[in-house]
Amino acid sequence: MQRSLIAGNWKMNGSKKNLSDLAEQLFNLKCDADVVIFPPSVYICDAVEAFSGASIAVGAQDVSENSRGAYTGEISSEMLIDVGCEYCIVGHSERRSLFGEDNHKIAGKFYQASKVGLTPILCLGETLNQREKDETLDVITAQLNAVVEYTGKFFPSDLVVAYEPVWAIGSGKSANTDQIQIVHKYIRCKLREKGLSAKILYGGSVTPENTKELLKESDIDGLLVGGASLDAKSFVQICKLA
Ligand code: PGA
């Protein structure tokens, strides 16, 4: 069985104080999962330093779809590697809905990350409206295909996908394990058809209370944690349960 991956996405939250609290509790953590935290970009260097020598990786919440140049405000995949990042999140639903990122743009970001050896976590997920119209698997297919086709030979062998139903994010209402298993099995099958395999994480209102139930499912290979990753105690608890 592969090791689970527990990822903590701070979004636009947190501070240096949060980081030192987390480092204190997480630094010597013994757990059976791989752990990565995604602080806002201004804290990435501090996080890399805080976890230097520990088995906790650091990632970025976003990356540019361009490699360099006149793109004020953007951060390239090479820069992320340069400062010690190992992962980056690509296509989070907040980037899709609030910043107008479409499948093509997300594919460009995924490509840039893969090209330099950064592990992208590709987020996929349907809105409530799409679920109610029974479009979930079609949405997932379109989101996944856009990236696979664009990335071509740079497709990473250590692919990580996060299924995050938009209606479950920050709502306090996680998807149930049957709903998640259907989508995860589907993603696995679609990738297998293309000769690919992936770690498939679930994200959306993950807490220490539902971690065990989620991770006991055969197709849930890890968790992408938002709100609960901001509280050092909760995040450590989730990691220990994995
Ligand atoms: P949440 O966020 O755990 O606060 O629901 C998950 C995410 O957006 O990755």
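None of these values were measured; they are calculated from a predicted model. Along the sequence shown, the residues carry numbers beginning at 1. Numbering of ligands and ligand atoms starts at 1, following listing order.
Between F38 and Y87, the ring planes are perpendicular. Angles over 60° get that label, and only those under 30° would be called parallel.
In E49, the CD atom is not crowded: 12 or fewer heavy atoms of neighbouring residues, nucleotides or ligands sit closer than 6.0 Å.
Checked for salt-bridge contact, D219 and R188 meet the test: a charged N lies under 4.0 Å from a carboxylate O.
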Expected rows: ligand 1 N/O, protein N/O, dist below 3.5 Å:
| unit_1 | atom_1 | unit_2 | atom_2 | d |
| --- | --- | --- | --- | --- |
| ligand 1 | 2 (O) | K11 | NZ | 3.4 |
| ligand 1 | 3 (O) | G226 | N | 2.9 |
| ligand 1 | 4 (O) | G227 | N | 2.8 |
| ligand 1 | 5 (O) | G170 | N | 2.6 |
| ligand 1 | 5 (O) | S205 | N | 2.8 |
| ligand 1 | 8 (O) | K11 | NZ | 2.7 |
| ligand 1 | 8 (O) | H92 | NE2 | 2.7 |
| ligand 1 | 9 (O) | H92 | NE2 | 3.3 |
| ligand 1 | 9 (O) | E164 | OE1 | 3.3 |
| ligand 1 | 9 (O) | E164 | OE2 | 2.7 |

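A donor-acceptor pair under 3.5 Å links the side-chain atoms of N13 to the main chain of W10, judged by distance alone. Formation of a donor-acceptor pair under 3.5 Å by the Y71 side chain with backbone atoms of S76 is not found in this model.
W167 and L124 sit in two unconnected hydrophobic clusters of ILVMFWY residues. Membership requires side-chain heavy atoms under 4.5 Å apart, directly or through other members.
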